[in-house]
Amino acid sequence: MTILVTGGAGFIGSNFVLDWLAGSEETVVTLDKLTYAGNLQNLASLQGHPKHVFVQGDIGDAALISSLLAQHQPRAVLNFAAESHVDRSISGPGEFIQTNIVGTFHLLESVRAYWGGLAPEAKAAFRFLHVSTDEVYGSLSKTDPAFAETNRYEPNSPYSASKAASDHLVRAYHHTYGLPVLTTNCSNNYGPFHFPEKLIPLIIVNAQAGKPLPVYGDGQQIRDWLYVKDHCSAIRRVLEAGALGETYNVGGWNEKPNLEIVHTVCALLDELKPRADGKPYKEQITYVTDRPGHDRRYAIDAGKIEKDLGWKPAETFDTGIRKTVQWYLDNPEWVANVQSGGYRDWVSKQYGQSA
Ligand code: NAD
Ligand code: DAU
């Protein structure tokens, strides 16, 4: 048996592929375009692994996807591939429309053709799992209840609008063509291999480099944090037992204001790698101009996945954030390569490709 994972060289995708191969005999075909966010070093421990195949390519390349599906005959396709950074979607939305909407459309078309040609048993067992985000639901006030699967879609950024559009396409392919789809809408992830343009890794990396720790606006925006490996376990559970056509919100009931996150990371660094001058890292906090259209609060009601599928996160925020800070301290080479762009040279050295 084989699964096809798109976007598997990114943050969540690479954690998913590594965890999958650690716990299963099934082959994984990883397809990734290797944009700036795709880093084959995340999968370096799989070099030569007999059950892992890496292919560089675009989810929007119908010919490539169709040939991969025909060649590997996966029992499932898991779509992690996306442009994922809200700030980049504000300064340049084009790539978000291209990959998240047009790319997902082409991927769905290729998968529909492949699935339509499967023998009845394989056709019934096949799954298309689409990895999405809580941002499609928009922004909550302090007192609003957390996002349930029944909430109206109210995306506010080009990123979340593009993800919302892809979710709608996935839904439509189920209702119109009967494609066996599953969708997960997860809250903010953190953990190993997180690209240091996102809040938590940026703070860890900038703090050690003696750089400012940029907090947007008043720092009181709230996000709901989940350790990445818990997101991966939720995806495995939905793939295994999710009801066709259903969406599942994934979160760990961990709402925190950004400023508290930054203080927590600073305190952990004070403990694990104190500044040479003995001063606290929080002295590096700098308030900067707010993100345009910044969503004030996200919160996930994970009641459905807990009740219907019996999923629960393994980490609390305290255990997960400590592991995360420790991982960055233990992997200075990964950080240096990402910052210098050296991870791209590594790809061409290892694979003879220009990424
Ligand atoms: P990421 O930016 O770290 O990784 C995205 C990966 O997709 C990269 O490896 C990139 O090279 C690849 N990619 C981009 N365009 C592609 C294309 N056209 N074809 C093939 N590959 C392409 O993102 P992430 O944080 O790992 O997020 C993965 C998925 O999970 C995304 O769909 C995102 O919307 C969703 N999500 C992320 C979070 C989070 O907190 N990071 C939370 C909920 C949902
Ligand atoms: O909610 C799920 C989403 O979480 C995912 O769908 C996205 O792919 C992922 O990037 C993430 O989006 P956010 O915008 O919430 O994540 P980010 O790390 O960019 O920012 C987290 C919060 O911190 C947000 O309120 C903005 C703020 N922030 C961010 C950066 C990069 C700062 O205050 N300073 C910063 O420098």
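Counting starts at 1 for both ligands and their atoms, in listed order. Remember, it's a predicted structure, so these values are computed and weren't measured experimentally.
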Can a side-chain donor-acceptor contact be found between S187 and D134 if the only test is distance below 3.5 angstrom?
no

Hey, do the aromatic rings of Y114 and F126 have their centres closer than 6.0 Å?
yes

Decide whether S166 and H130 meet the rule of one side-chain donor and one side-chain acceptor closer than 3.5 Å.
yes

Residue pairs fulfilling salt bridge (Lys or Arg N to Asp or Glu O under 4.0 Å) with at least one residue in residues 101-127, sequence neighbours excluded
E109-R112

Could you check whether the rings of Y298 and F147 sit parallel, tilted or perpendicular, using 30° and 60° as the cut-offs?
tilted

Under a 4.0 Å heavy-atom cut-off, what residues line ligand 1?
G7, A9, G10, F11, I12, D32, K33, L34, T35, A37, G38, G57, D58, I59, F80, A81, A82, S84, T99, V131, S132, T133, Y159, K163, C186, S187, N188, N189

Answer with yes or no whether the side chains of N15 and N189 bring together a donor and an acceptor at under 3.5 Å.
no

Please work out whether any backbone atom (N, CA, C, O) or any side-chain heavy atom from C-beta onward of I200 is under 4.0 Å from ligand 2, and answer side chain, backbone, both or neither.
neither

Side-chain donor-acceptor contact under 3.5 Å, K304 with N249:
no

Look only at interatomic distance and state if Q221 has a nitrogen or oxygen under 3.5 Å from any nitrogen or oxygen of ligand 2.
no

For E135, which part has a heavy atom under 4.0 Å from ligand 2: side chain, backbone, both, or neither?
side chain

Which side chain to side chain donor-acceptor pair (under 3.5 Å) pairs, counting each pair once, include a residue from residues 256-273, with sequence neighbours left out?
Q208-K273, Q221-N258, E271-R322

Using a strict cut-off of 4.0 Å, indicate which atoms of ligand 2 neighbour a heavy atom of H294.
24 (C), 25 (O), 26 (C)

Examine the proximity of ligand 2 to D134 and report which part, side chain or backbone, both or neither, has a heavy atom under 4.0 Å away.
side chain

Could you tell me whether R88 sits above the aromatic face of Y36, with NZ or CZ closer than 6.0 angstrom to the six-membered ring centre and within 45 degrees of the axis?
yes

Filtering L199, D295, L213 for the heavy atom nearest atom 21 (C) of ligand 2 leaves L199

Relative to atom 31 (C) of ligand 2, which among E197, R297, R88 owns the nearest non-hydrogen atom?
E197

Is the H85 to F195 ring centre distance short of 6.0 Å?
no

Give the contacting part of N188 toward ligand 2: side chain, backbone, both or neither, where contact means a heavy-atom distance below 4.0 Å.
both

If you compare A37, G10, S160, S84 by their heavy atoms, the one closest to atom 7 (C) of ligand 2 turns out to be S84

Pick whichever of F11, Y216, F195 has a heavy atom sitting closest to atom 33 (O) of ligand 2.
Y216

At under 4.0 Å between heavy atoms, which part of K163 makes contact with ligand 2: side chain, backbone, both or neither?
neither

Run the salt bridge (charged side-chain N to carboxylate O under 4.0 Å, His left out) test against K312 and tell me which residues pass, sequence neighbours left out.
E306

